[in-house]
Protein chains: 2
Amino acid sequence: MPRPPSGADTREPAIARQDDTVNAIPTTDANATPTVNATSIDADEPWMRGLHADTGYLLYRLGLRSGQLFNTSLQESGLRLRHYAVLRFLATGEGALQRELSTRLGYDPSAIVGLVDDLEKLGFAERRPAPDDRRSRIVVLTENGRAFLRGTDAAGLRVTNELLAPLDQQERATLHALLLRIAEDGLN
Amino acid sequence: MPRPPSGADTREPAIARQDDTVNAIPTTDANATPTVNATSIDADEPWMRGLHADTGYLLYRLGLRSGQLFNTSLQESGLRLRHYAVLRFLATGEGALQRELSTRLGYDPSAIVGLVDDLEKLGFAERRPAPDDRRSRIVVLTENGRAFLRGTDAAGLRVTNELLAPLDQQERATLHALLLRIAEDGLN
DNA sequence: GAGCAATAATTGTTGACGTCAATAGTTGTT
DNA sequence: AACAACTATTGACGTCAACAATTATTGCTC
């Protein structure tokens, strides 16, 4: 049983397709690669461009690397990137419902449960009953959690620095701005 | 036994406490949060910035989204992003050793095995014995594989377009250039 | 020319992760 | 009082990355 990549992701994430620029195809494929030689068939055929020609793939790959860097930098603290994300989110406000964490961070509600469990176990966060709705729990940072964030802030910056090493300050700023535009688009 | 954040990715199972910075007590939180009020403590403290202030985290998150988009766009073909990556890599050259695929694409050798298995099963690629080293296998694109790439190229472009929707052509170019610089740094 | 370290492909295992379905407790509405 | 919608939670399934171990093979060395 190989790997029939059957259903997985989900239902139609509202793919707003737009062929606007798809039409703008090269049209320069004169040589139809008769034989399979030519050590490096330069990208005169769109479908044989290198992967790095694709911004989407670059994002995918750099995202992986970024996540890995974050995780290794966090590993001695016993947390993972997702815990860190929750902590950082909690630090921006005044505590949040688990539901809120789920939608804002993009994690499944069932994932939030485990993450908050871990954070609670480490004393970095607490669940408190919501006063107005007994179904909800409000998750708040503890003083320990704040201290932890203070302590790992430098490490976080170091990771970002390492990742963006080849860029100067100016370029980092524009990169960040561009990424932010994309991220906010999808209501992340 | 929910999820003790113990050993996972690598060694260092230790939960590891860190008192180092715990001593570095606030100094600016005059109000020791006696209650849980104070609607929004503005980001005058670096460690309570929003997550989106971190380029690394943005990359991580957008990488996820990019991967998902790619996968959903590919799912009807029975392949996943990683298969597509292999195909695209094969298309750039003249076939490759599995070892080569592993190092260049950044996947574990054991992952390559399954990927090539699937591609072979679909008739998109073939394993051939390497003439000079009987340990190695050379993986080559079949004509079917080429046809498949031609067919899905438009879909790939559509995905990238959707992802980068909020950016105009100029901005996409600079984003791509910046990402490429980063990617090539780590020898991807 | 027989041993021996290194290497390529492979198998198997483990933990993290995303998705989905189901359930119990709760809320608001009718 | 009944019912639909919602929150947190549990459990299951499949994908995926990271490793360890194994087999076949190579190249080196003594």
Side-chain angles (χ1 to χ4, degrees), chain A residues 1-13 60-61 63-72 74-75 78-85 96-103 105-118 120 127-139, chain B residues 1-13 60-61 63-65 67-72 74-75 78-83 85 96-103 105-118 120 127-139:
Chain A
M1 57 311 293
R3 204 156 309 148
S6 52
D9 271 345
T10 23
R11 64 301 170 95
E12 288 307 292
Y60 158 72
R61 195 122 272 283
L64 274 188
R65 211 157 85 199
S66 181
Q68 287 170 204
L69 284 178
F70 258 109
N71 275 329
T72 63
L74 281 173
Q75 82 181 7
L79 293 180
R80 325 255 325 155
L81 174 54
R82 318 177 75 195
H83 300 102
Y84 188 65
L97 305 177
Q98 293 190 192
R99 165 90 209 293
E100 211 174 338
L101 290 174
S102 170
T103 60
L105 294 178
Y107 300 144
D108 192 88
S110 57
I112 302 292
V113 175
L115 293 175
V116 177
D117 281 352
D118 296 345
E120 226 171 10
R127 267 183 253 244
R128 297 184 187 168
D132 53 329
D133 187 337
R134 282 185 321 200
R135 290 174 299 184
S136 302
R137 314 280 157 84
I138 296 182
V139 186
Chain B
M1 61 314 296
R3 204 157 313 147
S6 53
D9 262 352
T10 42
R11 47 288 174 115
E12 288 297 302
Y60 157 72
R61 197 124 270 283
L64 274 187
R65 210 156 83 199
Q68 287 169 205
L69 284 179
F70 259 110
N71 274 330
T72 63
L74 281 173
Q75 81 181 8
L79 293 180
R80 326 250 335 148
L81 174 52
R82 318 178 81 204
H83 301 101
L97 306 177
Q98 294 189 195
R99 165 95 208 293
E100 212 174 337
L101 290 174
S102 170
T103 59
L105 294 178
Y107 300 145
D108 192 89
S110 56
I112 302 291
V113 175
L115 293 176
V116 178
D117 281 351
D118 296 345
E120 227 172 9
R127 266 182 253 243
R128 297 185 186 167
D132 54 329
D133 188 337
R134 281 183 323 198
R135 291 173 297 184
S136 301
R137 316 281 158 85
I138 296 183
V139 186

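Here is how names work: the chains are called A, B, and so on, in the same order as the sequence lines, proteins then strands, and each is numbered from 1.
The distance from atom CG of L97(B) to atom OG1 of T103(B), rounded to the nearest 0.5 Å, is 9.5 Å.
Among the atoms of the strands shown, only primed sugar atoms or phosphate atoms (P, OP1, OP2) are found under 4.0 Å from some heavy atom of Y60(A). In this structure, S136(A) reaches the sugar-phosphate backbone alone: every heavy-atom distance under 4.0 Å involves primed, P, OP1 or OP2 atoms, never a base. Counting any heavy atom pair closer than 4.0 Å across all strands shown, I112(A) reaches no nucleic acid atom.
Atom P of nucleotide dT9(D) and atom OH of Y107(A) are separated by 18 Å, given to the nearest angstrom. Atom pair L101(B):CG and dA9(C):P shows a separation of 9 Å (rounding to whole Å applied). As a whole-Å value, the separation of L115(A) CG from dA16(C) C1' is 11 Å. Rounding to whole angstrom units, CD of residue Q98(A) and P of dT10(D) are separated by 10 Å. As a whole-Å value, the separation of D117(A) CG from dT10(D) P is 7 Å. Rounded to a whole Å, the CZ atom of R137(B) is 9 Å from the C1' atom of dT10(C). Between the CG atom of L97(B) and the C1' atom of dT26(D) there is a distance of 14 Å, given to the nearest Å. Between E120(B) atom CD and dT10(C) atom P the separation is 9 Å, expressed in whole Å.
Remark on DNA chain D: of its neighbouring residues D108(A) and L64(A), the 5'-side contact belongs to D108(A), judged by nearest-heavy-atom nucleotide. In terms of position along DNA chain D, the nucleotide closest to L81(B) lies nearer the 5' end than the nucleotide closest to the other residue of the pair L81(B) and S110(B).
The phosphate of dT9(D) has OP1 or OP2 within less than 4.0 Å of a side-chain N or O from R127(A). For R80(B), no side-chain nitrogen or oxygen approaches OP1 or OP2 of dG14(D) to under 4.0 Å.
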Between protein and nucleotides 26-30 of chain C, what N or O pairs are separated by less than 3.5 Å?
unit_1	atom_1	unit_2	atom_2	d
dT26(C)	O2	R135(A)	NH1	3.3
dT27(C)	OP1	R134(A)	N	3.2
dT27(C)	OP2	R134(A)	NH2	3.2

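Comparing dT10(C), dA8(D), dA8(C) by their nearest atom to the side chain of R99(A) picks out dA8(D). Distances from the side chain of Q68(B) to the nucleotides dT10(C), dT19(C), dC19(D) place dT19(C) closest.
Checked against salt bridge (charged side-chain N to carboxylate O under 4.0 Å, His left out), R127(B) has the following partners two or more places apart in sequence or in another chain: D117(B), E120(B). By the salt bridge (charged side-chain N to carboxylate O under 4.0 Å, His left out) test, D108(A) is found to be paired with no residue, residues two or more places apart in sequence or in another chain being considered. By the ring pair (Phe, Tyr, Trp, His ring centres under 6.0 Å) test, Y60(A) pairs with Y57(A), sequence neighbours left out. Looking at residues two or more places apart in sequence or on another chain, you find no salt bridge (charged side-chain N to carboxylate O under 4.0 Å, His left out) involving R134(B). Every residue two or more places apart in sequence or in another chain that forms a side chain to side chain contact (heavy atoms under 4.5 Å, CB included) with R128(B) is listed here: E126(B), V140(B).
Checking T72(A), N71(A), L69(A) one by one against L81(A), the side-chain contact (heavy atoms from CB on, under 4.5 Å) holds for a single residue, N71(A).
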